[in-house]
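All remarks here apply to the structure that follows.
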Amino acid sequence: MEVQLRRARRAMYLRLAAWHAGPLGLAWAGRPELAPRYPEAYARCGGAPGLACAGVGGEPRVCLVRRLERLARSAERGGRRRRAQEKALVEELLLCVGHLQKELPPEFLPVLEATEKALRQDLDYLRSVASAPFSPEQKGQDQGQGP
């Protein structure tokens, strides 16, 4: 069960990364008409308040995609501590996506809203994992003392 959940989370993050990685990703997300506008829309971002990029800015086609890919790699591994780290990353990504909803042209909103919805669902899962009590088996595994 845990393995299937990890694989599903990994696949979700890779799919989201692909959506934002280039013009073909937007077509895969069901919005092929946005493909020609991708280079100009995703070229620059002013930086989201509360994140490291605030005031400096960045390129969403790079930073957003890399964060999603990092979460995909992380979803495959680890225990409770890793899920807590993922929770913090997802919360940062939600700030980033919210900021992009204001900066990108309105035509991109459906893709950004679908991304936000997927991130919120995963955040709910990560919060439930964080609040679940440890079982005796998990205590040993989380400290690297697994079977």
Side-chain angles (χ1 to χ4, degrees), residues 1-135 138 141-144:
M1 172 80 170
E2 177 70 21
V3 172
Q4 292 172 337
L5 182 59
R6 286 181 183 193
R7 287 180 182 161
R9 290 183 65 236
R10 177 182 182 271
M12 178 207 49
Y13 281 119
L14 288 175
R15 183 179 62 249
L16 292 176
W19 284 4
H20 297 282
L24 292 177
L26 293 170
W28 188 36
R31 301 300 302 239
E33 71 278 5
L34 297 178
R37 302 212 43 215
Y38 176 87
E40 68 186 58
Y42 277 76
R44 187 91 178 114
C45 165
L51 296 179
C53 62
V56 178
E59 292 183 43
R61 64 181 169 208
V62 176
C63 59
L64 177 63
V65 173
R66 296 298 173 256
R67 287 179 183 186
L68 290 166
E69 289 173 343
R70 178 179 175 195
L71 278 166
R73 286 189 306 273
S74 181
E76 290 182 304
R77 304 178 178 84
R80 198 166 167 148
R81 263 185 273 154
R82 186 174 294 262
R83 299 298 162 252
Q85 293 168 350
E86 289 173 2
K87 180 178 161 270
L89 285 172
V90 170
E91 288 169 344
E92 285 181 8
L93 267 173
L94 283 169
L95 285 174
C96 177
V97 169
H99 180 71
L100 289 175
Q101 287 176 344
K102 297 173 193 163
E103 286 216 352
L104 294 183
E107 301 87 49
F108 289 85
L109 275 178
V111 176
L112 292 168
E113 287 171 348
T115 301
E116 182 181 29
K117 180 181 175 187
L119 290 172
R120 289 201 184 281
Q121 288 174 345
D122 197 51
L123 184 60
D124 290 343
Y125 161 73
L126 292 169
R127 286 180 176 155
S128 71
V129 169
S131 65
F134 274 121
S135 68
Q138 287 175 326
Q141 288 176 353
D142 203 42
Q143 297 171 0

- Can you tell me how far CD of Q85 sits from OG of S74, rounded to the nearest 0.5 angstrom? 7.0 Å
- Note on the structure: In this structure, CZ of R70 is separated from CG of L89 (nearest 0.5 Å) by 4.5 Å
- Taking the side chain from Y42 and the backbone from R37, do they hold a donor-acceptor pair closer than 3.5 Å? no
- Query: For Y13, which residues count as a ring-ring contact (aromatic ring centres under 6.0 Å, His included) partner, sequence neighbours excluded?
  - Reply: none
- Item | Heavy-atom closest contact (A17 atom, V65 atom, distance) | O-CG2, 3.8 Å
- Item | Point-to-point distance, once rounded to the nearest 0.5 Å, from CD of Q121 to CD of E116 | 11.0 Å
- Minimum heavy-atom distance between L51 and R67, given as atom pair plus value: CD1-NH1, 3.7 Å
- Item | Atom pair CG (L93) and CD (E91), whose distance is rounded to the nearest 0.5 Å | 10.5 Å
- Message: Please determine whether side-chain contact (heavy atoms from CB on, under 4.5 Å) holds for the pair E69 and R66, giving the CA-CA distance in whole Å, both sets of side-chain angles, and the decisive distance to 0.1 Å.
- Response: CA-CA 5 Å; E69 289 173 343; R66 296 298 173 256; 3.1 Å; yes
- Distance in Å, K102 NZ paired with C45 SG, rounded so as to fall on 0.5 Å steps: 11.0 Å
- With a 4.5 Å heavy-atom cut-off, do F108 and L26 have their side chains touching? yes
- Return the minimal non-hydrogen interatomic distance between A43 and P39, and the atom names on each side. CB-O, 3.1 Å
- Message: So L16 and L64, do their side chains get closer than 4.5 Å, heavy atoms only?
- Response: no
- Taking only residues two or more places apart in sequence, or in another chain, which ones meet E33 in a side chain to side chain donor-acceptor pair (under 3.5 Å)? R31
- Task: State, with a plain yes or no, whether a side-chain heavy atom of P60 is found less than 4.5 Å away from one of H20.
- Result: no
- salt bridge (Lys or Arg N to Asp or Glu O under 4.0 Å) with R9: of E76, E86, E2, only one passes, and it is E86
- Closest non-hydrogen atom pair, A75 against R83: O-NH2, 3.5 Å
- Shortest non-hydrogen contact from L34 to V111? CD1-CG2, 4.4 Å
- Note on the structure: Taken to the nearest 0.5 Å, the spacing of M12 CE from T115 OG1 works out to 10.0 Å
- Message: Using every non-hydrogen atom in the two residues, find where R77 and R73 come nearest and quote the distance to one decimal.
- Response: NH1-O, 2.9 Å
